[in-house]
Amino acid sequence: MTSELLVGLIGLLWLIALIAIRIPIAYSMIIVGGVGVTVLNGPAIFMAQLKDLAYAQFSIYDLSVVPMFVLMGNVATRAGLSQDLFRAANAWLGWMRGGVAMAAIAACAGFGAVCGSSLATASTMGRVALPELSRYNYAGSLATGTLAAGGVLGILIPPSVVLVIYAIIVEANIVTMFMAAFIPGLIAVFFFLATIFIYVTIRPDSGPPGDAVPRQEFIEATLRVGPVLVIFGLVIGGIYLGFFNPTPAAAVGVFLVTVYGILRGAIRLPDMRIALLDTAKTTGMIYLILLGAEMLKIFMARGGVPQAAAEMMATSGLPPTLILILLLFALIVLGCLMDSLSMILLAIPFFWPVIAELDFGMGQEEVKIWFGILALIVVELGLITPPVGMNVFVISAMAKDVPMRDTFIGVAPFFLAELVRVGLLVAFPALSLWLPRFLAG
Amino acid sequence: MANGEMTMRARLVGLARKIIEWWALAGGLLLLAVVLMTTWSVFSSAAFGEPFPGDFELTEIGVAVAAFSFLPYCQITNSNVSADIFTSRAGPRIVAALTALGSLIAIGFGGILLWRMYAGMIDYQVYLETTAILQIPLWYGFVPILVSLALLCVAALITLTESLGDVAAPPVDGTASS
């Protein structure tokens, strides 16, 4: 073992220790990265790097899509989109057994199409759908489980902030990543709907059918989701078809959602102020973690830790698919302890070199895309599993009459559905890769 | 007298909090300005075939300056995520002490970066570097960024003193005031 590698491994231990004692993840990465580089390269080089490192990182053009998507989501949560989406979905699905819960899933999917955050999707849709679910006497565990799981769709259906971050770390094309996420996202919606169907077939009392909606109201409710479809079509469709890059698309998205909210009377100055301050919190957090990840990356690359891990795995003689499954499993476990973004930024710089060394019978660019989608899904599972299932916390804080244990129980069937989906995506890479190939012509 | 000192300090802290919030809000408005500029650029290039001149570089500078302006607000609102799972059983005093340690790191980070980026700004002034199209000197952007870093130090100082207060006298409800 070289002494650089030893320093790198010691740094890694320090990083884990700092994170474990509740030092903010960004600062843990910054301090370990900074000290590590100073030890390996001497202080002079690092101090010179620091003159421009943070600015260079913060001014990456591709990254500017992140605050814009965050802002778009924050405006969307206040623009009244969620009510419209739920009303329309309920008009279509509510009459079935379990239909109101299915409507909540469909509305989450629709909201996920303008919002790239899982928590925001869960909490916004929860506010709208939870009262309705309890009005129709849905079992508490089904109602809260559905919404906690539905929130995950916010991340899986483009736009997705985590996916942008992944693309930037591994230097993948953001547009391609968004395309690749689309079909897996649809599968998720379908699986969640099927989960509810099975759930209410086994326990019919848990999800009684709602009222059939009169024709007039049905048409009206359906037409009201027009703006959401237009915004999603323009932003994501525009990106897919190459009309514009992600950043201009996101800017147009922010503009349209804001105009929609203002016209609807839902967005006024105080709302905008809160949306901007919330965006400041999230963006500042993300950028600081990104800076930490960059410093850590410089240190680890100098220490040769990721390369050593990749070499060890490549020469281990284990079949590539097994290694992939092991890494995904590690991500699930780590995702239970940390939020998904920090997780991606911490783990991917180590995991990706390992995956890149393996032979899956496809080109490296395709492996990059495929692994990104898989990683995205498994880190999101941490949001609905104990001990820190943030989606579950948010929903159960809203549904005070449902004990948190019931919410975790209610979310379990959806968790199983997600595992099946991951298995499917591992077995059939084409599910992720077909659309980008097709659209690229 | 001690009381008078306390309120004086409390007033200063309150003022600093206000300034930090307004600074973040100004950054948010800058982000909004970038959004509008980009939207116009998309519209204009679709309608008249000419995008907003220099939209690319204005986005880069604008978003970077905005992102820096968010850092002090993040610190003062405790928005930087940490993994709380391992310390969930620790007493409020220990948690407050660890939070204080986090603030201390933030002060060190803000201070070192302030010093280094000041040097970076001087470099950009001496060897004048500008953006490609609009010829904006790069050091312009560094001025508000340095203010942001100074405010980050102030914010971390405030969170530090608050956590230290919690270490000395843990709040009765058992949670750190953060």
Side-chain angles (χ1 to χ4, degrees), chain A residues 18-28 30-31 34 47-55 57-61 63-64 66-68 71 243-244 247-252 254-256 258 272-273 275-277 279-289 336-339 341-342 387-388, chain B residues 21 24-25 27-29 31-32 34-39 41-43 46 55-56 59-75 77 79-88 90 95 98-99 101-102 105-106 108-109 112-113 116-117 119-121 123 138 141-142 145:
Chain A
L18 286 172
I19 290 173
I21 63 165
R22 216 171 165 275
I23 302 301
I25 292 166
Y27 285 126
S28 305
I30 286 172
I31 202 164
M47 285 296 137
Q49 268 180 320
L50 272 186
K51 287 181 185 177
D52 200 45
L53 182 69
Y55 182 77
Q57 188 70 17
F58 281 27
S59 62
I60 294 174
Y61 182 75
L63 205 55
S64 62
V66 170
M68 292 189 191
L71 180 59
F243 287 144
F244 36 43
T247 297
V252 171
V254 172
F255 178 75
L256 291 176
T258 311
M272 211 53 210
R273 186 188 130 93
L276 286 178
L277 285 178
T279 305
K281 281 185 200 166
T282 311
T283 305
M285 175 202 94
I286 293 175
Y287 272 59
L288 201 60
I289 297 181
C336 293
L337 307 176
M338 250 181 256
D339 80 304
L341 199 85
S342 323
V388 272
Chain B
E21 192 182 304
L25 212 51
L29 290 175
L31 177 63
L32 215 51
V34 171
V35 163
L36 288 176
M37 184 269 299
T38 309
T39 307
S41 184
V42 168
F43 173 75
D55 55 348
F56 209 82
T59 303
E60 288 183 344
I61 299 174
V63 171
V65 168
F68 273 102
S69 77
F70 298 156
L71 297 183
Y73 186 65
C74 267
Q75 179 65 30
T77 54
S79 304
N80 289 316
V81 284
S82 53
D84 301 341
I85 175 79
F86 305 103
T87 47
S88 55
V95 170
L98 295 173
T99 311
L101 184 59
I105 295 175
F109 167 75
I112 290 178
L113 211 56
R116 291 327 297 159
M117 286 189 76
M121 183 180 78
D123 279 4
L138 276 184
F142 276 56
I145 290 172

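Throughout, a chain's letter reflects where its sequence line sits, starting with A, and its residues are numbered from 1.
Nearest approach of B/Ser82 to A/Arg22, heavy atoms of both residues: CB-O, 3.7 Å. A/Met285 and B/Cys74 make their closest contact through N-SG, 3.4 Å (heavy atoms, listed as atom of the first residue, atom of the second, distance). The shortest non-hydrogen separation linking B/Arg116 to A/Lys51 is NH2-CE, 3.1 Å. The heavy-atom pair separating B/Leu71 from A/Gly284 by the smallest distance is CD2-O, 3.6 Å. Here the closest heavy-atom approach between residue A/Pro248 and residue B/Val42 is recorded as CB-CG2, 3.5 Å. Of all heavy-atom pairs between B/Asn80 and A/Pro24, the closest is CB-CB, 3.9 Å.
A/Phe244 has its side chain out of reach of B/Thr38: every pair of non-hydrogen atoms, C-beta onward, lies at least 4.5 Å apart. Side chains of B/Val63 and A/Phe58 form no contact here, defined as non-hydrogen atoms less than 4.5 Å apart. Contact check for B/Val81 versus A/Ile289: side-chain heavy atoms found under the 4.5 Å cut-off. Within the 4.5 Å cutoff, the side chain of A/Thr258 has no heavy atoms near those of the B/Val35 side chain.
Each of A/Ala20, A/Ala280, A/Pro67 has some count of heavy-atom pairs under 4.5 Å with chain B, and the biggest count is that of A/Ala280. Considering only heavy-atom pairs separated by less than 4.5 Å from chain B, the leading option among A/Ala249, A/Ala275, A/Ser64, A/Ala48 is A/Ser64. Looking only at heavy-atom pairs under 4.5 Å with chain A, the residue among B/Gly27, B/Ala64, B/Ser41, B/Ala119 that has the most is B/Ala64. Contact count versus chain B (heavy atoms, under 4.5 Å) is highest, among A/Ala54, A/Ala26, A/Ser28, for A/Ala54.
Contacts of A/Ile31 with chain B are made by side-chain atoms alone, with heavy-atom separations under 4.5 Å and no backbone atom involved. With a 4.5 angstrom heavy-atom cutoff, A/Ile25 touches chain B via backbone and side-chain atoms both. Using a 4.5 Å cut-off between heavy atoms, B/Phe142 contacts chain A through its side chain alone, with no backbone atom that close. Heavy atoms of B/Leu98 lying under 4.5 Å from chain A belong to its backbone as well as its side chain.
When the side-chain contact (heavy atoms from CB on, under 4.5 Å) test is applied to A/Leu277, the partners found at least two apart in sequence or on another chain are A/Arg273, B/Glu21, B/Ala24, B/Leu25, B/Tyr73. With sequence neighbours left out, the side-chain contact (heavy atoms from CB on, under 4.5 Å) criterion links B/Leu138 to A/Tyr55, B/Tyr124, B/Glu129, B/Thr131.
Of the candidates A/Leu50, A/Leu53, A/Ile30, A/Leu50 is the only one forming a side-chain contact (heavy atoms from CB on, under 4.5 Å) with B/Leu113.
Atoms CZ and CG, from B/Phe68 and A/Leu288 in turn, are 9.5 Å apart once rounded to the nearest 0.5 Å. Atom CD1 of residue B/Ile105 and atom CD1 of residue A/Ile23 lie 4.5 Å apart, to the nearest 0.5 angstrom. We find the CD1-CD distance between A/Ile60 and B/Glu60 to be 9.0 Å, quoted to the nearest 0.5 Å. The CG atom of B/Leu101 sits 7.5 Å away from the CG atom of A/Leu18 when rounded to the nearest 0.5 Å. Between the CG atom of A/Asp52 and the CG atom of B/Asp123 there is a distance of 9.0 Å, given to the nearest 0.5 Å.
Counting non-hydrogen atoms of neighbouring residues, nucleotides and ligands closer than 6.0 angstrom, the CZ atom of A/Phe243 reaches no more than 12 such neighbours.
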* Test log, rule side chain to side chain contact (heavy atoms under 4.5 Å, CB included), inputs A/Met47 and B/Ile112 -> CA-CA 9 Å; A/Met47 285 296 137; B/Ile112 290 178; 4.3 Å; yes
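Remark: aromatic rings of A/Tyr287 and B/Phe70 are distant, center separation not under 6.0 Å.
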